[in-house]
Number of protein chains: 2
Amino acid sequence: MKDFSGHSTEPADKASTAGIALGNSERAIVGLVELLFFAYRDFTRDPDDILAEFNFGRAHHRVLHFVDRYPGLRVADLLDILKITKQSLARVLRQLVASGFIEQRLGEADRRERRLYVTDSGQALAVRLLAPQIRRMQQAINDTHGATEAETVRSFLFAMIETEERRRVEALLAGPGGLVVPKPEDTP
Amino acid sequence: MKDFSGHSTEPADKASTAGIALGNSERAIVGLVELLFFAYRDFTRDPDDILAEFNFGRAHHRVLHFVDRYPGLRVADLLDILKITKQSLARVLRQLVASGFIEQRLGEADRRERRLYVTDSGQALAVRLLAPQIRRMQQAINDTHGATEAETVRSFLFAMIETEERRRVEALLAGPGGLVVPKPEDTP
DNA sequence: CTAATTATGTCAACATGGCTGACCTATTTA
DNA sequence: TAAATAGGTCAGCCATGTTGACATAATTAG
């Protein structure tokens, strides 16, 4: 293992901008931060191919999923869940309704509301999109065995990563020097 | 608790599209899938305000972070980590170099390579962006105590969610009926 | 009963950050 | 010397986020 970076040797004392410096315990956490990135990267990748068949994107997926899971959801509820603007939601929701995956019914008690429900085809698509994510999550949980808590979390997040990618991520997280400098013998 | 949805009563048998049906164990996993969504939603939210000061977005954050953590990274390595195209990377990388947050040096062994390094200001920004994520992650780990593995993961993901949001997320995950139908007494 | 509030929708314009496809320059390697 | 590799660049497209302004219908408050 080479110590070449200049960053890894200094304890990030230069972080004067916010008055924050990284200590040893903080640096240990960074690996988890990165694992969460990789986990989410691969987790969201699964449904994208299916969505492409319908010319849909992730925004459609999110809407369809939550309407499927929580039938009768109002637009306001969705805005609260997704934390996006009404206009952004309207665009994808309009397409989902036009495509016959979601339908709107007037609220019985309050007729200003448009309660959202998936149609049969909407439910079929929702389940199809959910399936690979459940599979990956299930496997991640199963792979997470016999460990203390931080290790459980680490194991869980790692198992969320695409199988073929794990080697590389592991190498990367092995520390600065894991991925970079592929030919250390050439350095003069 | 009311049973009103029509979806929650049926075990999603209609998922004939992919030949997949959700069983009870699968449905139990869906909550984790949603927790991961909420966790990542709030996790990525933190640095966005800081980035806005510099007219940067998440794409800049990712590049800056990985270059900070793994100094000497090559463009090809970044493409592999981020899983985006060369053109997408080039856009944000160009801005980061122009703004003086990242600098490029020719590879010593192979002079086709442009090794990437953060400047002092680049490191300062990287640390500043990382700090709230470390804080949240640290707290999520700390809050995850005394539990079996699936519960540890659940606890971990839940603790990743913005504090004020947890009540609502908890209510939502309490099952169909948790968030929707706010006035059940009005239904005829 | 009128006025304010609420739920929702819509138009227009803009920014970010993905993508494809084509093409170019150095440099290294076969 | 030719091919492969690392990287850059231009041009255009698409998805999805943003603001701001405004409209309609229904409910609720005074």
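If you're wondering where the values come from, they're calculated on a predicted model, not measured in any experiment. All values below come from the heavy atoms of this structure, side chains included, with hydrogens, waters and symmetry mates left out. By convention in this document, chain letters (A, B, ...) are assigned in the order of the sequence lines, proteins followed by strands, and residues within each chain are numbered from 1.
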For the pair made of [atom1] in [X] and [atom2] in [N], what is the distance, rounded to whole Å?
X      : N      : atom1 : atom2 : answer
A/D110 : C/dT5  : CG    : C1'   : 12 Å
A/L89  : C/dA7  : CG    : C1'   : 13 Å
B/L73  : D/dA6  : CG    : P     : 14 Å
A/D77  : C/dA7  : CG    : C1'   : 11 Å
B/I84  : C/dC19 : CD1   : P     : 7 Å
B/F56  : C/dA15 : CZ    : P     : 17 Å
B/K86  : D/dT9  : NZ    : P     : 10 Å
A/L79  : C/dT10 : CG    : P     : 14 Å

Between residues 91-106 of chain B and DNA chain D, which residues have a heavy-atom gap below 4.0 Å? B/R94, B/Q104

I need the residues from residues 40-53 of chain A with at least one non-hydrogen atom less than 4.0 Å from DNA chain D; give them sorted by number, or say none. none

If you take the centroid of each ring, where Trp contributes its six-membered ring, are B/Y40 and A/F37 closer together than 6.0 Å? no

Can you pull out how bent the helix from C/dC1-D/dG30 to C/dA30-D/dT1 is, comparing the axes over its first five and last five pairs, to 10°? 30°

Can you sort out the partners of [X] under side-chain contact (heavy atoms from CB on, under 4.5 Å), two or more places apart, ordered by chain and number?
X      : result
A/Q138 : A/N142, B/S25, B/I29
A/E151 : A/A147, A/T148, A/R154, A/S155
A/I84  : A/L82, A/S88, A/L89
B/R94  : B/A90

Stepwise salt bridge (charged side-chain N to carboxylate O under 4.0 Å, His left out) test for A/R135 and B/E26: CA-CA 8 Å; A/R135 230 179 289 129; B/E26 281 86 4; over 6 Å; no

A/D143 meets the salt bridge (Lys or Arg N to Asp or Glu O under 4.0 Å) criterion, sequence neighbours left out, with none

Considering residues at least two apart in sequence or located in another chain, which fulfil the salt bridge (Lys or Arg N to Asp or Glu O under 4.0 Å) criterion with A/E149? none

[N] phosphate, OP1 or OP2: any side-chain N/O from [X] under 4.0 angstrom?
X      : N      : result
B/T85  : C/dC19 : yes
A/R114 : C/dT6  : no
B/R74  : D/dG8  : no

Is any side-chain N or O of B/Q87 under 3.5 Å from a base N or O of C/dG21, one able to act as donor and the other as acceptor? yes

Suppose we call a contact any N or O donor and acceptor under 3.5 Å apart; does that hold for the side chain of A/R112 and the base of C/dT6? yes

Check this for me: does any side-chain nitrogen of one of A/E53 and A/R128 sit under 4.0 Å from a carboxylate oxygen of the other? yes

Salt bridge (Lys or Arg N to Asp or Glu O under 4.0 Å) contacts in which one or both residues fall within residues 30-43 of chain A, not counting sequence neighbours: A/E34-B/R69, A/R41-A/E165

Closest-nucleotide 5' rank along DNA chain D - winner of A/H60 and B/V75: B/V75

Can you list every pair that meets ring pair (Phe, Tyr, Trp, His ring centres under 6.0 Å) and has a residue in residues 126-165 of chain A, with sequence neighbours left out? none

Contacts of type ring pair (Phe, Tyr, Trp, His ring centres under 6.0 Å), residue A/H60, not counting sequence neighbours: A/F56

